2 protein chains.
Amino acid sequence: MPLPHEILFKTLADPTRRAIFERLCREGDQTVGALTAHAGISQPAVSKHLGVLKRAGLVKDRHEGRLTHYRAELGALDPLVGWAKEMTGFWQNRFDDLEDLLKRMDQ
Amino acid sequence: MPLPHEILFKTLADPTRRAIFERLCREGDQTVGALTAHAGISQPAVSKHLGVLKRAGLVKDRHEGRLTHYRAELGALDPLVGWAKEMTGFWQNRFDDLEDLLKRMDQ
DNA sequence: TAAACCCATAGCCAGCGAGTTATTGAATTG
DNA sequence: CAATTCAATAACTCGCTGGCTATGGGTTTA
């Protein structure tokens with residue numbers, strides 16, 4: 001199975017999809033209809049995006065009669081931040097190594 | 001012009017490109033040849049990826065004779081983390097609003 | 001129960017982008 | 001200066017994906 005941040009990058013790369021996710025973050029629960037009204041694309045397109053977001057763990061759905069509500073799942077962003085911190089960490093380590101080297105050269 | 005995180009998501013969505021960036025983070029400076037040796041794709045493909053990473057501000061290049069060295073530019077990741085924090089912030093605000101509402105209902 | 005409504009799925013199409021090979025320019029080497 | 005090497009660009013192919021329309025399944029309303 002792919003690493004967590006893999007699917008997140010792919011999923012959030014699309015502007016429309018990211019806009020839907022942002023709206024869910026700002027406004028909380030939204031029905032597919034409400035999301036469609038603001039997305040500027042057709043309802044099936046919105047549903048497809050929601051499916052992708054759901055499989056990435058970024059949203060969860062809740063069925064209520066004939067309506068389907070979606071909400072953002074914020075913890076899902078953690079692997080993204082974690083990956084960024086990891087990259088920064090590598091840089092920091094290389095910097096530490098250089099410091100050690102200079103320290104040894106100094107002796 | 002696009003928001004900073006826009007181009008970052010698009011650029012880092014590709015696994016090959018992200019692998020190149022990760023390698024630059026772990027190993028520091030690398031020539032195009034060295035990167036190509038580990039990428040599993042042709043040199044022109046690597047050069048194209050490096051071009052995309054460069055336009056996103058994620059890497060910088062340095063010319064030294066006929067070699068070109070690339071290095072990661074870690075500060076470029078900040079808008080990504082910033083965006084994630086912003087999303088979390090929206091959620092927090094909505095939670096605060098709910099708290100206020102409950103508090104008012106309590107009185 | 002017929003009609004209207006909400007959402008998901010199916011099927012199709014067009015554009016984008018990641019890969020290729022071929023080539024060029026520039027720098028080093030013999 | 002000829003040959004070689006490094007990297008970028010050009011030109012092309014092809015698969016993926018985001019959009020659409022059409023339809024179906026489930027739910028509420030008249």
Side-chain angles (χ1 to χ4, degrees), chain A residues 1-3 5-24 27-73, chain B residues 1-3 5-24 27-73:
Chain A
M1 67 186 123
L3 292 174
H5 66 265
E6 167 89 23
I7 184 82
L8 289 181
F9 273 120
K10 273 217 182 298
T11 301
L12 294 171
D14 181 73
T16 304
R17 200 151 47 218
R18 206 171 50 247
I20 292 175
F21 178 72
E22 289 187 10
R23 166 162 273 266
L24 287 174
E27 317 276 342
D29 264 20
Q30 299 274 315
T31 65
V32 176
L35 291 169
T36 300
H38 294 89
I41 54 177
S42 67
Q43 172 266 313
V46 171
S47 277
K48 199 191 280 188
H49 281 305
L50 287 170
V52 175
L53 286 167
K54 185 179 170 186
R55 281 191 283 111
L58 283 162
V59 301
K60 293 221 178 307
D61 57 350
R62 187 183 98 240
H63 298 281
E64 188 174 316
R66 63 180 168 183
L67 297 101
T68 305
H69 293 258
Y70 282 86
R71 69 165 197 277
E73 191 73 6
Chain B
M1 66 186 116
L3 293 174
H5 66 264
E6 167 89 23
I7 184 83
L8 289 181
F9 272 119
K10 274 218 183 296
T11 302
L12 294 171
D14 181 74
T16 303
R17 199 152 48 219
R18 206 172 48 249
I20 292 176
F21 178 71
E22 289 188 11
R23 166 161 274 266
L24 288 174
E27 317 276 343
D29 263 18
Q30 299 275 314
T31 65
V32 176
L35 291 169
T36 300
H38 294 88
I41 53 176
S42 67
Q43 172 267 314
V46 172
S47 277
K48 200 191 281 187
H49 281 305
L50 287 169
V52 175
L53 286 166
K54 186 180 168 185
R55 282 191 283 109
L58 283 163
V59 302
K60 293 226 179 301
D61 57 352
R62 185 183 100 241
H63 298 281
E64 188 175 314
R66 63 182 167 183
L67 297 94
T68 306
H69 293 257
Y70 282 86
R71 70 165 196 277
E73 191 74 6

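Just so it is clear, the structure is predicted and the values come from calculations on it, not from any experiment.
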Working for side chain to side chain contact (heavy atoms under 4.5 Å, CB included), residues A:L35 and A:H49: CA-CA 11 Å; A:L35 291 169; A:H49 281 305; over 6 Å; no

What is the distance, to the nearest angstrom, from the [atom1] atom on [X] to the [atom2] atom on [N]?
X: B:I41; N: D:dG15; atom1: CD1; atom2: P; result: 18 Å
X: B:K54; N: D:dA8; atom1: NZ; atom2: P; result: 8 Å
X: B:R55; N: D:dT9; atom1: CZ; atom2: C1'; result: 13 Å
X: B:H49; N: D:dA7; atom1: NE2; atom2: P; result: 16 Å

Closest contact, heavy atoms only, B:I41 versus B:T36: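 Shortest heavy-atom contact: O-CG2, 3.7 Å.
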
Non-hydrogen atoms of B:R17 and B:K10 that approach each other most closely: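 Looking at all heavy atoms of both residues, the shortest contact is NH2-O, 3.5 Å.
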
Could you please name the option among [options] that lies closest to any side-chain atom of [X]?
X: A:R66; options: D:dT28, D:dT21, C:dG19; value: D:dT28
X: A:S47; options: D:dG18, D:dA7, C:dC7; value: C:dC7
X: A:S42; options: D:dG19, D:dT21, C:dC7; value: D:dT21
X: A:A45; options: D:dG18, D:dC20, C:dT20; value: D:dC20

Of A:G40 and A:K10, the one whose closest DNA chain D nucleotide lies more 5':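 Counting from the 5' end, the first nearest nucleotide belongs to A:K10.
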
Earlier contact from the 5' end, DNA chain D, for A:Q43 and B:Q43: B:Q43

Phosphate OP1/OP2 of D:dA8: any B:Y70 side-chain N/O under 4.0 Å: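 It does, given that an N or O in the side chain of B:Y70 lies less than 4.0 Å from OP1 or OP2 of D:dA8.
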
Short side-chain N/O contact to C:dC6 OP1/OP2 from A:T31, under 4.0 Å: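 For A:T31, the contact criterion (side-chain N or O under 4.0 Å from OP1 or OP2 of C:dC6) is not met.
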
base_contact_polar (C:dG17 base, B:K48 side chain, donor-acceptor, <3.5 Å):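 Side chain to base: no pair present.
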
Distance in Å, A:D61 CG paired with A:L50 CG, rounded so as to fall on 0.5 Å steps: 8.5 Å

DNA chain C: 5'-proximal contact among B:P44 and A:A34 (nearest heavy atom):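 Of the two residues, A:A34 wins.
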
